[in-house]
Amino acid sequence: MSISDVALTQALTAQLSAQQNNLDQLEEQLSSGQSLNLPSDDPAAVTQVLALSSQASQLTSWQSNAAAATSWLGTANNAANSVLDTMQSAQTVLLQALNQGAQDPSTYEALGEQLQGIVSNLVALANTQYEGRAIFAGTSASPQAFDAAGNYLGNGDTPRVVIGPGSGSGQTVDLSIPGTALLGSGSSSVFATLSTAATALMSGTPTNAQLTAAVDGLGSALSTAQQASEVLGNASQEAAAATSSLTTQLASIQTSQAQLEDVNVATTTSQLDSELSNYQAALWATSQAIPETLVRFINS
Amino acid sequence: MSDVGLAIAASGINADTAELDTASNNLSNIDTPGYAAEQVNLSPEAAAGPLGAGQGVIVGSVSRLTSAVYAAANVAAEGMQGAATTTNQVMGSIETIFPEPSTDGIAAQLSTLFSDFATLAANPGQAGSEQVVVSEAESLANSINNSYSQLGQLASSLEAQIGTGADDGGTLSEANSLLAQVAQLNRAIVAGSAGGEDTNALSDAASAAVNQLAGLLGISCSTAADGAVSVSLDGVQLVAGNVAQTLTATGSAANGNVALVTGNGVTVDAGGSIGATVTAVNTTIPDYEAELSSVADALATSLNTLQADGMDANGDPGSTIAGGWTGTVLPNIFVDGGSSTTYTPGTASAATIAVSPELLADPSLIATASAPGSGNSNVIGTPTLDGSNAQAMAALASAPSGPETLYQSMIGALGTEAANASTASATASDLATAASTNLSTVSGVDENDEEVDVLSAQNAFQACSQVINAMDQSIQSLLQAV
């Protein structure tokens with residue numbers, strides 16, 4: 001069988017260009033730092049990487065939602081604690097009025113003024129804002145949760161954000177609670193109770209019944225506010241737990257993504273190295289094989 | 001010793017000259033495509049001389065060394081290689097339109113859009129977040145439009161590459177001129193061999209043309225006893241004797257119905273690079289256009305449905321819940337085609353998907369809030385900072401048949417098809433190399449073989465010359481002796 005020159009040349013060039021392709025691919029991987037540059041580089045891995053990136057992006061947005069929830073709830077918790085403190089100081093005032101027995105009208109008036117001050121403090125606390133939004137106004141667009149008289153301006157919906165996968169739009173955490181859950185509503189609201197008591201004190205001659213009713217009303221308002229504060233605390237814990245679990249999940253997703261996508265520099269470099277020596281060997285073989293013919297041999 | 005002896009030596013010189021001529025022709029054509037090595041057919045002179053010794057050598061024909069089996073296998077392999085290489089190139093071009101995974105590809109933009117919705121859900125009514133969502137939606141729509149139009153451009157450039165078959169520089173016109181060339185060569189071969197001429201060079205040219213045709217069209221061929229080559233494709237004879245058909249491309253890439261039709265109006269199913277290009281233009285590219293459109297459809301219809309069923313932060317209702325509302329009714333998020341208000345799904349919707357102009361002008365018209373209903377106290381016309389509808393929009397990111405999932409599986413399928421095309425191309429090229437190596441073991445020129453032939457012919461030539469010289473001297477000395 002004769003080995004024709006055409007066949008030899010074809011075989012050598014095919015070999016050389018195949019090796020050059022391998023070199024190109026390795027060099028591209030090294031220079032881009034990515035082992036996946038086109039879908040065909042590894043279709044299964046590419047699909048996985050796309051799914052992982054999409055998951056990572058979702059996790060990141062849940063993470064930032066959880067962070068926002070933590071800030072919201074932090075503000076809400078502070079406000080709720082201040083509300084509790086303020087209500088306790090109102091209680092002190094009322095008990096003072098009740099326990100000291102009959103007093104000078106001017107003393108009652110002074111206590112009444114103190115109580116009025118407390119009411120406006122409570123209104124201010126109830127209107128606490130976070131990033132321009134009244135946190136106790138529910139999902140209402142109203143910039144204030146309560147007016148000066150203590151009437152609720154918001155709605156009864158709880159603002160929420162999604163912090164994880166789940167049914168519907170996903171697992172949510174409450175950002176706050178509607179103001180009425182903290183401060184009561186209508187005639188049973190802490191504002192109504194304290195304003196009524198303040199009016200009675202300001203008259204200078206509050207009856208014992210009026211004061212007792214105010215103390216009782218305030219007592220139940222305090223327990224409502226305490227419950228609300230616990231709800232906020234629980235939500236706060238939920239957001240913190242979500243943040244840490246999301247961080248862990250995100251890290252693990254990013255790790256698997258990097259494993260699929262990033263070039264292992266050590267492996268790729270040594271691959272490149274061995275491909276280079278193969279290529280040089282093939283080049284050498286080509287340079288030797290083509291000129292070595294009978295004519296050359298006889299003439300030399 | 002007689003004149004006969006001189007004549008015998010002269011026949012040897014003749015034969016050696018023919019050997020040297022053939023070897024030099026073989027060496028000259030060592031790299032000529034389609035060239036088959038030639039061999040001088042020698043036979044001893046049959047008639048015995050006066051003393052019973054032979055009368056020298058007869059130079060018969062000079063024949064082409066070829067194998068019908070290897071040649072046919074080579075033609076078939078060339079056709080497959082042409083098709084596989086072209087398919088691989090087309091898939092490579094489609095892949096570069098979707099260079100995933102990347103940080104700015106459609107997949108990344110889809111993820112960004114949905115996480116922008118999540119941010120908006122946490123900050124409903126905030127102008128900045130609304131603007132971010134609308135801008136991202138717009139740039140995503142642009143990217144989808146771009147990818148679709150690049151697919152279309154690829155199809156029309158491939159269509160232009162084939163050409164119409166007329167003399168327009170396309171591959172089909174190249175194939176037509178090769179077909180005509182084979183027919184012309186057939187005429188010359190038949191005429192030449194009838195006249196006893198050497199037609200080897202004509203056969204070489206015909207074989208080169210057929211190999212090229214094989215790469216272009218994936219033809220099959222056979223050689224008749226008179227040396228004429230017939231070429232057929234898909235059961236239709238394209239070259240019969242000295243008659244060649246002319247192929248014309250009908251239909252258009254835009255309609256996905258490019259077809260090759262013979263002069264007799266018969267549609268043929270081609271292989272080779274032209275056949276692969278036709279398949280790419282008619283099937284492969286339209287398939288990816290349709291898949292991209294289904295991603296666009298999933299994106300637009302799911303978001304538009306939620307948009308129509310919600311309210312914006314100002315309390316403006318979407319079209320589904322608007323009822324008799326006389327104020328602002330929310331526009332669709334995505335629109336397409338000639339319409340500035342509606343979106344119609346279809347196989348070409350990716351070409352024209354766009355953010356509605358009304359929403360672009362006023363990003364606050366995104367339905368972040370849910371429709372009034374149980375679980376909320378939303379009221380149409382009353383501003384609300386409920387973000388639950390935007391949450392539902394963000395949740396489309398992980399929807400089982402949502403746009404992200406569809407796009408991911410499209411990229412997976414594209415990657416698999418491209419990787420397969422690349423493997424198929426490598427295999428076809430190996431097979432073609434093997435087939436041409438097989439053929440070249442018969443037809444190829446081996447420089448060393450030729451060199452040996454040259455040396456032996458040279459030696460024999462010198463020997464015969466020596467014989468003539470010896471006879472001449474003998475006759476001379478005889479003449480002097482007389």
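Contact of Ala107(B) with chain A is made through the side chain alone, with heavy-atom distances under 4.5 Å. Heavy atoms closer than 4.5 Å to chain B are found nowhere in Gln48(A), neither backbone nor side chain. No part of Gln55(A) comes within reach of chain B, as not one of its non-hydrogen atoms sits under 4.5 angstrom from that chain. Residue Ala68(A) does not touch chain B at all, counting heavy-atom pairs closer than 4.5 Å. With a threshold of 4.5 angstrom between heavy atoms, Ala394(B) approaches chain A through N, CA, C or O but not through any side-chain atom. Using a 4.5 Å cut-off between heavy atoms, Asn420(B) does not touch chain A at all. Proximity to chain B (any heavy atom under 4.5 Å) is shown, for Val162(A), by both the backbone and the side chain. Residue Ser388(B) touches chain A through its backbone alone, counting heavy-atom pairs closer than 4.5 Å.
Distance check: Gln63(A) CD to Ser245(A) OG gives 9.5 Å after rounding to the nearest 0.5 Å.
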Q: List the steps and the verdict of side-chain contact (heavy atoms from CB on, under 4.5 Å) for Leu151(B) and Phe98(B).
A: CA-CA 10 Å; Leu151(B) 283 173; Phe98(B) 302 99; 4.2 Å; yes
Q: Report the C-alpha distance between Gln271(A) and Gln25(A) in whole Å, list the side-chain angles of each, state the deciding distance to 0.1 Å, and finish with yes or no for side-chain contact (heavy atoms from CB on, under 4.5 Å).
A: CA-CA 11 Å; Gln271(A) 271 176 355; Gln25(A) 210 169 7; over 6 Å; no
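Interface remark: of the candidates Asn37(A), Leu36(A), Thr47(A), Asp157(A), Asp157(A) forms the most heavy-atom pairs closer than 4.5 Å to chain B. Chosen from Gly168(A), Ser57(A), Ser64(A), the residue pairing most often with chain B at heavy-atom distances under 4.5 Å is Ser57(A). Contacts with chain A were tallied for Pro383(B), Gly125(B), Ala121(B), Gly105(B); Pro383(B) has the most, counting heavy-atom pairs under 4.5 Å. The most heavy-atom pairs under 4.5 Å with chain B, out of Pro39(A), Ala137(A), Gly156(A), come from Pro39(A). For chain A, the option among Thr433(B), Asn123(B), Asn376(B) with the highest count of heavy-atom pairs below 4.5 Å is Asn376(B).
The only option from Asn77(A), Thr75(A), Ile135(A) that meets the side chain to side chain contact (heavy atoms under 4.5 Å, CB included) definition with Ser176(A) turns out to be Ile135(A).
Each side-chain hydrogen bond (donor to acceptor under 3.5 Å, both in side chains) pair with one or both residues in residues 392-409 of chain B, not counting sequence neighbours, appears once here: Ser54(A)-Glu404(B), Gln58(A)-Ser398(B), Glu100(B)-Tyr407(B), Ser111(B)-Glu404(B).
The two residues Ala56(A) and Gln257(A) have their closest heavy-atom pair at CB-OE1, 4.4 Å. Heavy atoms only, all atoms of each residue included: Ala367(B) and Met393(B) are closest at O-CE, 3.8 Å.
Residues of residues 452-459 of chain B lying within less than 4.5 angstrom of chain A, judged on heavy atoms, are Val452(B), Leu455(B) in numerical order.
In summary, the side chains of Gln19(A) and Asn278(A) do not present any donor paired with an acceptor at a separation below 3.5 Å, with no hydrogens or angles considered. Side chain to side chain, Thr384(B) and Asn378(B) meet the donor-acceptor criterion of an N or O pair below 3.5 Å. Under 3.5 Å, the side chains of Asn155(A) and Thr139(A) contain a donor-acceptor pair of N or O atoms. Side chains of Glu136(B) and Thr112(B): no donor on one and acceptor on the other come within 3.5 Å.
Between the Ser422(B) side chain and the Ala418(B) main chain, no donor and acceptor come within less than 3.5 Å of each other.
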